[in-house]
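For reference, the structure discussed in these notes is given below.
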Amino acid sequence: MCIRDRYQRRVREVDRDVLKTRCLGRRIDPVTGVTYHVKFNPPPASVASRCITRPDDTEERLEKRINIYEKERADLLAVFKDEAMILNGNRNMNHVFAEFNTQLSAKLYKKERVDAAAGIRKRATRRSKL
């Protein structure tokens, strides 16, 4: 999966079978909109009977989405190679988020240092012209 935003690009690498398990086990409570998972976050007994599966959470549609992703992934990484972060998405969501946070913090720290150095060079260049 690739998520793109204004500041950072991240690619979470997820095993195909893990992705299938995650998507095909997803259930939604149509009353509250809360998303559950039959294995990882089962709905309470009082809600389970009304939960539905998203229409696009079928094995056929999932295969189609995965194939499109795999075709487009290389192009995305080529464009965003300097900004992309590759994350192992086969782990617990909290571990993935922690790794993302660590990598993002390191990139922001490096950018701040580069920007600060550029500012020092600009000021020195302006002074030398005076």
Side-chain angles (χ1 to χ4, degrees):
M1 170 186 288
C2 178
I3 299 174
R4 182 175 168 227
D5 60 36
R6 285 182 7 187
Y7 301 107
Q8 196 60 47
R9 279 62 173 168
R10 68 181 166 170
V11 177
R12 287 184 285 182
E13 295 294 334
V14 180
D15 180 74
R16 186 180 279 253
D17 291 332
V18 171
L19 192 57
K20 282 183 182 180
T21 299
R22 288 181 184 173
C23 288
L24 299 178
R26 195 166 33 193
R27 300 293 183 271
I28 299 170
D29 178 355
V31 174
T32 63
V34 175
T35 301
Y36 297 98
H37 191 279
V38 295
K39 181 178 178 182
F40 306 117
N41 181 30
S46 61
V47 174
S49 64
R50 70 178 183 228
C51 285
I52 60 171
T53 302
R54 286 178 19 175
D56 61 338
D57 278 351
T58 65
E59 193 154 353
E60 180 182 301
R61 288 218 176 147
L62 179 60
E63 280 296 324
K64 193 175 190 176
R65 291 195 315 248
I66 291 172
N67 290 335
I68 290 168
Y69 164 76
E70 287 175 347
K71 287 177 187 171
E72 295 178 355
R73 179 184 181 275
D75 293 336
L76 284 169
L77 287 177
V79 172
F80 298 112
K81 68 181 177 199
D82 294 334
E83 300 172 358
M85 292 188 296
I86 308 296
L87 305 173
N88 177 356
N90 290 318
R91 299 168 297 155
N92 174 289
M93 171 174 65
N94 293 329
H95 292 114
V96 175
F97 180 75
E99 180 185 355
F100 171 72
N101 232 9
T102 299
Q103 286 191 30
L104 180 60
S105 294
K107 284 184 177 276
L108 291 174
Y109 177 73
K110 182 178 177 183
K111 183 181 181 325
E112 287 172 0
R113 292 187 61 183
V114 168
D115 290 349
I120 291 169
R121 283 193 296 275
K122 273 185 185 176
R123 286 191 298 276
T125 304
R126 275 189 245 141
R127 285 185 195 136
S128 66
K129 289 181 181 179
L130 296 175

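The chain is numbered in sequence order, starting from 1.
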Supply the atom-to-atom distance Arg22 CZ to His37 NE2, rounded to the nearest 0.5 angstrom. 8.5 Å
Is any side-chain heavy atom of Arg54 closer than 4.5 Å to one of Thr35? no
For Asn88 versus Glu99, what's the shortest heavy-atom pair and its separation? N-OE1, 3.9 Å
Closest heavy-atom contact between Leu24 and Asp57? CD2-O, 3.4 Å
Gap between atom NZ of Lys20 and atom CG of Asp17 - 0.5 Å precision: 6.0 Å
From CD (Gln103) to CD1 (Ile86), nearest 0.5 Å: 8.5 Å
Neighbour count above 12 (heavy atom, 6.0 Å) for Glu60 CD: no
Could you go through Leu62 and Arg65, starting from their C-alpha distance and side-chain angles, then the distance that decides it, and tell me whether this counts as side chain to side chain contact (heavy atoms under 4.5 Å, CB included)? CA-CA 5 Å; Leu62 179 60; Arg65 291 195 315 248; 3.6 Å; yes
Side chain to side chain, Arg26 and Thr53, heavy atoms closer than 4.5 Å: no
Measure across Pro30 and Cys51 and return the closest heavy-atom pair with its distance rounded to 0.1 Å. CD-CA, 4.2 Å
Short question: side chain of Arg16, backbone of Ile66 - any donor-acceptor pair under 3.5 Å? no
Within this structure, what is the NZ-CZ distance for the pair Lys64 and Arg61, rounded to the nearest 0.5 Å? 7.5 Å
Please answer: with hydrophobic residues joined when any side-chain heavy atoms are less than 4.5 Å apart, are Val96 and Leu104 in the same cluster? yes
Using the side chain to side chain contact (heavy atoms under 4.5 Å, CB included) rule, take Val47 and Arg27 through it: C-alpha gap first, then chi angles, then the decisive distance, then the call. CA-CA 11 Å; Val47 174; Arg27 300 293 183 271; over 6 Å; no
Joint hydrophobic cluster, Phe100 plus Leu108, side-chain heavy atoms closer than 4.5 Å: yes
So, for Tyr36 and Pro43, which heavy atoms are closest and what is the spacing to 0.1 Å? CD2-CA, 3.5 Å
Between the main-chain N or O of Asp15 and the side-chain N or O of Asn90, is there a donor-acceptor pair closer than 3.5 Å? yes
